[in-house]
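Everything below concerns the one structure shown next.
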Amino acid sequence: MAATSKNTGSRQPQKVSGDEIPWNRKHGQSKTISDHVADIVIGLVVLAIVIVVLYPLWFIVIASFSDPTKVAIGQVVALPQGTNFTGYTRIFEDSRIWNGYQNTLLYAVVGTVLNMVVTLPAAFALSRSEFRPRRIIMFLFTFTMFFGGGLIPSYLLYKQIGILNSMWVFILPGAVSVYNLIIARSFFETSIPEELHDAAQIDGMSYFGYFMRIVLPLSSAIIAVIALYYFVGHWNDYFTGLIYIRDSTKEPLQNVLQSILLANQTNSNTAGMTAVAAQRFAEQIKYGVIIVSTLPLLVMYPFLQKYFNKGVMIGAVKG
Amino acid sequence: MSASATVASVSAGQTQVNPGLQNETQIVPVAATAESRKRTRRPRRTDPGYRRNAGPFARLAEHFRRYWQLWLMVTPAICFIGLFAYVPMYGVQLAFRDFVPSKGLAGGPWVGLKYFRQFLESPMFGNIMKNTISISLWTMVMGFIAPIILALLINQIGSKKIKGFVQTITYMPHFISTVVIVAMISIFLTPDTGLLGRFFGDTSLLGNPDLFTPIYWISEVWQHVGWNSIIYLAALSSVDTSLYEAAKVDGARRMQLIRYVDFPTIMPTCGILLILNMGSILNVGFEKVFLMQNALNLSASEVISTYTYKIGIVSNQFSYSTAIGLFNTLINFVFLVIANAISKRVSETSIF
């Protein structure tokens, strides 16, 4: 290609890729010095951003199993110093954390299952353009994203239907997230070819059959995305536990974390320690608790990241 | 695609064709849309089974006969939204009544705007509004600009691997819970021993009212910048590469490429997101502010949502608390409508 484009006799317009355009190369524009400078500057800025985001997380990890005294005086910078797992030992002995873990896992799993069972069929029905009431239903759903009754009316409602201080308060009120519903609907509208429905219809398939046997198997990406959104939402839910739960045995993990991390109720046996040592030990427990509670999400995260990515992009197609 | 269609036809067993659905209008669009993958709005099905001039009841019956399955699928969602979003909306009338617990959501005598007046005249009002607006405005502006810059930077990275790595790292904090984030802030800012706190001696940074807003928005940006940049990166990935080539031919440098090609591409996305953000201008996240609050920084950290919680749940003044919440929602709604109208005028992008 490059050889032929040098041939001045050629009259035929030729397809040339960017850096093969002769005048482009003549001015050295494939990569100028300014381009290289820009590359370096951009690279450095991005590197700085990565460090700023990553370092606090890394620090928590190394501080959780370093000697708490060395952490306190600032000797722990890049690598763990004086490896010490007492913090973790104490955490594994703390029944509150395990109770919270168990509760959160239960709420998150049951909640996510209900979320999926309610959201996906509704999103499918609302994605059918021949279903004429869909516009008004969609409007009524979207409206709730911007306008709501507020805290007190919700509280009174939950009290009236008797879900206060029970696991259902985590599961039922959030059964549908309109945002996730819109994402799923957009996916069904844009990514499932309409011809499939025509084919299914000609074969005499009902909407149920079409949804179960054709749409769902083709939608594993969006199912994963929405399930993850819901799951993370349940996992990180703190507000519900704070307001609607009185019984400490029903508290989810986040509320247990709050009492340990922020209200300083570390369950540590500090006998025989000086006040300063006890304080540092408590700090080490905090680092460990952060790791233990966040680990499931962070371990899943690298594998699931591409799905999250996809979810945002699908959601972006039609706000 | 065609394979699944075949599987579908096979798995459907005997092909019992619905006679009402067999006519040309059914078949023609299939061939037509096969060309372009992107589905445009199809003409509404007009098949002979649908009696156009039948009475309203007959038409309704026909509608349900045809679509009862779709109705069944959407009903659970309607029930949940109706119960958990619309019933509390109905309960908003508490704000205009003196709540009597035994009479439920709609009990108690009307008192008009008493509670709104009480809130507007209360000595707390000025301070709470100031805090709410300053925290949310700072967070909104910074949280809006930062992801755009990050996306433009990431987009400039040539290597796909490095790009993916940077994205993976910057999204990560988004999934950490608010409780843990606030715990990290408080650990890092501990006077003398914290990662950052040690550089400030024994002054408590979290206890300083002047620093509450900066700490809040900087940590917000830190947590969400990567995540919020995804949407811009998606927009940037759709830039026609020939635009870059054309600009390069015209002698554009890197910064000029960003300014004249990348930036205009993401403008509509920016517009939509700005409108949506405007709609929550007074909605400072309850959880984070609540968790970051302490006795020392309360003068800068009391916002509408935390105040509603304290008045309503902690001290049981249900009507007053509802009124404050409603006030908040109404202002948000007004902002949303105004921002939407402006954007409609200026850039022809709007959300409704």
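Order of the sequence lines sets the chain letters (A, B, ...), proteins ahead of strands, with each chain counted from 1.
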* To do: Report the distance from atom CZ of A:R134 to atom CG of B:L70, rounding to the nearest 0.5 Å.
  => 11.0 Å

* To do: Could you look at A:I163 and say if it's the side chain, the backbone, both or neither that has a heavy atom under 4.5 Å from chain B?
  => side chain

* Asked: According to the interplanar angle, ranging from 0 to 90°, do the rings of A:F147 and B:F333 count as parallel (below 30°), tilted (30 to 60°) or perpendicular (above 60°)?
  -> perpendicular

* Structure fact -> A:L242 and B:F290 have their tightest heavy-atom pair at CD2-CE2, 3.7 Å

* Structure fact -> Ranking B:S319, B:S242, B:S305, B:A183 by heavy-atom pairs under 4.5 Å to chain A gives rank one to B:A183

* Any donor-acceptor N/O pair, A:N236 side chain to B:T178 backbone, under 3.5 Å -> no

* To do: Output the distance between atom CG (A:L151) and atom CD1 (B:I313), rounded to the nearest 0.5 Å.
  => 4.5 Å

* **Between A:W235 and B:F175, ring centroids under 6.0 Å** => no

* Would you mind telling me which of A:V178, A:L297, A:T119, A:I243 has the largest number of heavy-atom pairs within less than 4.5 Å of chain B? => A:I243

* **From CD1 (A:I152) to CG (B:L94), nearest 0.5 Å** => 8.5 Å

* Look only at the side chain of B:W222 and the backbone of A:V52, and say whether a donor-acceptor pair between them is shorter than 3.5 Å. => yes

* To do: May I ask you to test the A:Y55-B:L195 pair for a side-chain heavy-atom distance under 4.5 Å?
  => yes

* To do: Measure up the A:Y207 and B:Y67 rings against each other and bin them: parallel (under 30°), tilted (30 to 60°), perpendicular (over 60°).
  => tilted

* Atom CE of B:M73 and atom CZ of A:F131: how far apart are they, to the nearest 0.5 Å? -> 10.5 Å

* **Closest non-hydrogen atom pair between B:V74 and A:L126, with its separation** => CG2-CG, 4.0 Å

